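For reference, the structure is listed below as structure tokens.
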There are 2 protein chains.
Amino acid sequence: MTQTLMPDVNRAGCPSRVILEHVTSRWGVLVLAALLERSYRFSELRRHVDGVSEKMLAQTLQALERDGFVLRDAQPVIPPRVDYSLTPLGEEAANLVAGLARWVEHKVPDVQAARAAYDGTKV
Amino acid sequence: MTQTLMPDVNRAGCPSRVILEHVTSRWGVLVLAALLERSYRFSELRRHVDGVSEKMLAQTLQALERDGFVLRDAQPVIPPRVDYSLTPLGEEAANLVAGLARWVEHKVPDVQAARAAYDGTKV
DNA sequence: CGGTATCCTTTACGATACTG
DNA sequence: CAGTATCGTAAAGGATACCG
């Protein structure tokens with residue numbers, strides 16, 4: 001039996017690392033945070049998460065769906081309609097990353113001040 | 001006067017996005033989480049965060065230092081000794097990302113079950 | 001509408017060698 | 001020890017075109 005107990009993000013090759021990277025990926029964070037408010041259709045999400053390409057959005061959603069964070073509901077209508085929402089597991093993840101995102105938004109001035117100080121002493 | 005109020009991670013070009021990317025970067029997360037426990041020397045950190053290269057560790061630490069999350073204490077001794085620790089701001093960030101990392105470690109089995117189910121229906 | 005396929009560019013990253 | 005510099009590869013990502 002292989003080592004399945006005690007996942008550790010500090011160990012290279014630990015499955016937890018890949019999951020963490022999905023959740024903290026550039027677009028993964030923003031998608032999860034968006035879906036925390038409400039469910040979105042593909043193109044809605046694409047407009048909401050400014051700058052994401054179709055390709056990356058599809059890729060991000062697939063990874064999150066496969067990991068059990070996102071639920072994909074494709075209705076067999078014409079034109080097609082696909083709704084994305086969070087699973088209970090995804091909601092937990094989304095709360096954590098959305099908390100981080102909101103904290104960052106709130107601390108932008110502090111970071112900019114730190115950068116100004118850093119750049120000042122380093123020139 | 002330019003738009004400095006209401007940072008929004010959903011808007012491309014918003015400074016909050018770059019900060020968020022530093023904090024959620026592949027190695028940024030692990031470095032912040034490590035420094036939450038205690039301060040580390042460069043090579044200690046390199047061993048602790050398994051798999052990180054010298055280059056990426058240096059680059060990550062510089063970004064985090066410039067953003068005001070990490071404090072770099074270089075003692076003028078031979079051989080050189082440099083200690084890295086968290087600023088108060090960095091401690092807040094680290095608590096959030098470490099919380100996320102611990103949550104992921106805890107949920108590894110759930111994700112693996114979700115993947116098995118997903119891969120099962122998709123083949 | 002909600003994607004996929006293809007191509008191409010850019011960035012990330014790692015390995016190695018070197019320096020104060 | 002704590003980096004920097006250089007190089008090469010691999011992966012990320014964007015643009016466009018196309019399909020069910």
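In this text the structure is predicted, and so the values were computed from the model without any measurement. Only this structure's heavy atoms are used, side chains among them; waters, hydrogens and symmetry mates stay out. So you know, we letter chains A, B, ... as the sequences are listed, proteins then strands, and number each from 1.
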Do the numbers put B:R46 on top of the ring of B:F42, so that NZ or CZ is under 6.0 Å from the six-membered ring centre and no more than 45° off the axis?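 No, a cation-pi geometry is absent between B:R46 and B:F42.
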Using atom [atom1] of [X] as one end and atom [atom2] of [N] as the other, report the distance to the nearest whole Å.
X     : N      : atom1 : atom2 : result
A:D73 : C:dC1  : CG    : C1'   : 15 Å
A:L57 : D:dA15 : CG    : P     : 14 Å
A:R47 : C:dG3  : CZ    : C1'   : 15 Å
B:W27 : C:dC13 : CH2   : C1'   : 9 Å
B:D83 : D:dC1  : CG    : P     : 13 Å
A:E54 : C:dG3  : CD    : P     : 10 Å
B:E21 : D:dG13 : CD    : P     : 9 Å
A:F42 : C:dG3  : CZ    : P     : 5 Å

Does a nitrogen or oxygen in the side chain of [X] sit under 4.0 Å from OP1 or OP2 of [N]?
X     : N     : value
A:R46 : C:dG2 : no
A:S43 : C:dG2 : yes
A:R41 : C:dG2 : yes
A:Y84 : C:dC1 : no

Minimum-distance nucleotide to A:R72 side chain [options: C:dC13, C:dG2, D:dA2]: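 That would be C:dG2.
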Please tell me which of the listed nucleotides, D:dG14, C:dC13, C:dT4, lies nearest to the side chain of A:K55?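 The answer is D:dG14, which lies nearest to the side chain.
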Classify the nucleic acid contact of A:P79 as base, sugar-phosphate or nothing, counting any heavy atom under 4.0 Å across all strands shown.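 It contacts sugar-phosphate atoms only.
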What does A:Q62 touch in the nucleic acid at a heavy-atom separation under 4.0 angstrom: a base, only the sugar-phosphate, or nothing?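 Counting heavy atoms under 4.0 Å across all strands, the contact made by A:Q62 is with sugar-phosphate only.
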Given that A:P80 and B:S53 both sit by DNA chain C, which one's nearest nucleotide is further toward the 5' end?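 Closest to the 5' end, via its nearest nucleotide, is A:P80.
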Going by distance alone, is a donor N or O of one side chain under 3.5 Å from an acceptor N or O of the other, for B:Y84 and B:R72?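 Yes, side-chain donor-acceptor contact under 3.5 Å.
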Using heavy atoms to find the nearest nucleotide of DNA chain D for B:Q59 and A:R26 separately, return the residue whose nucleotide is more 5′.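 So the residue in question is B:Q59.
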List the steps and the verdict of salt bridge (charged side-chain N to carboxylate O under 4.0 Å, His left out) for A:R38 and A:E44. CA-CA 11 Å; A:R38 63 176 181 89; A:E44 275 184 325; 3.6 Å; yes
For the backbone of A:V9 and the side chain of B:E105, can you confirm whether one donor and one acceptor N or O come within less than 3.5 Å of each other?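 Answer holds: yes.
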Under the 3.5 angstrom rule, does the side chain of B:S16 hit a backbone N or O of A:V104 as a donor-acceptor pair?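 Checking the backbone N and O of A:V104 against the side chain of B:S16, no donor-acceptor pair under 3.5 Å is found.
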